[in-house]
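Below: the structure, in structure tokens.
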Amino acid sequence: MADGGEAKDPAAAAEEAASAPINPVGGGKKDDKVRIFVKNVGNAPILKTTEFSASASSPFSRVIQHIQNKIRTSEMHKDAVIHLFVNQSFSPSPDEQLGDLYKCFQMDGKLQIDYALMEAW
């Protein structure tokens, strides 16, 4: 490389992006972050933080893991299975990148994710 840096292995770069933390809205650079708004459906518990941001290169599985961890802190929901939907319509593949979902389905500058404890749509 011209700058003297080493090229990253694509698998290592994907693993690094997947392990990147999900931050509450307001932190980090805006150009590589996706703003996410989450909303409960049915009898799913309401999360304390309903807006956060994540790296655009992160897979959707990071959002699934983040929401599951938040909900499973409650004794009542410790074994809950969480179903996530984009814009109340479909459940993306866990390996879909957040940036791609944002480009296609964002509304008002946010990617809306609905979560439920059972299949909803």
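Numbers for residues simply follow the sequence, beginning at 1. The structure displayed is predicted, hence computed values, not measured ones.
Gln106 places a side-chain N or O within 3.5 Å of a backbone atom of Gly109 that can act as its donor or acceptor partner. The backbone N or O of Glu51 sits nowhere less than 3.5 Å from a side-chain atom of Thr49 that would complete a donor-acceptor pair.
Within the 4.5 Å cutoff, the side chain of Ile64 has no heavy atoms near those of the Ile82 side chain. The shortest side-chain heavy-atom distance between Met118 and Val81 does not fall under the 4.5 Å cut-off. You'll find the side chain of Leu98 reaches within 4.5 Å of the side chain of Ile36, heavy atoms only. A 4.5 Å side-chain heavy-atom check between Gln88 and Gln112 finds at least one atom pair inside the cut-off. Within the 4.5 Å cutoff, the side chain of Tyr115 has heavy atoms near those of the Val38 side chain. At a threshold of 4.5 Å between non-hydrogen side-chain atoms, the residues Pro94 and Phe60 do not count as touching. Residues Lys33 and Tyr102 have side chains not in contact (no heavy-atom distance under 4.5 Å, counting atoms from C-beta outward). With a 4.5 Å cut-off on side-chain heavy atoms, His66 and Val63 do not count as touching.
Ile71 approaches Ala80 most closely through the heavy-atom pair CG2-CB, 4.5 Å. Here the shortest heavy-atom pairing between Gln97 and Ala56 reads CB-O, 4.0 Å. What you find for Glu119 and His83 is that their closest heavy atoms are OE2-ND1, 3.3 Å. Nearest heavy atom pair, residue Val86 against residue Pro92, reads CG2-CG, 3.4 Å. Across every non-hydrogen atom of Ala116 and Ala44, the tightest pair is CA-CB, 4.0 Å.
Of the N and O atoms on the side chains of Asn87 and Ser89, not one donor lies less than 3.5 Å from an acceptor on the other residue.
A distance of 11.0 Å separates OG of Ser91 from CG of Asp114, quoted to the nearest 0.5 Å. Distance check: Gln65 CD to Arg72 CZ gives 10.0 Å after rounding to the nearest 0.5 Å. Rounded to the nearest 0.5 angstrom, Ser61 OG and Glu96 CD are separated by 11.0 Å. Taking OG1 of Thr50 as the reference point, atom NZ of Lys39 lies at 11.0 Å (rounded to 0.5 Å).
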* Please assess Leu84 against Ile67 for the test side chain to side chain contact (heavy atoms under 4.5 Å, CB included), listing each intermediate value before the final yes or no. => CA-CA 9 Å; Leu84 277 73; Ile67 293 174; 3.6 Å; yes
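In the hydrophobic cluster analysis, where Ile, Leu, Val, Met, Phe, Trp and Tyr join through side-chain heavy atoms closer than 4.5 angstrom, Phe105 is grouped apart from Phe37.
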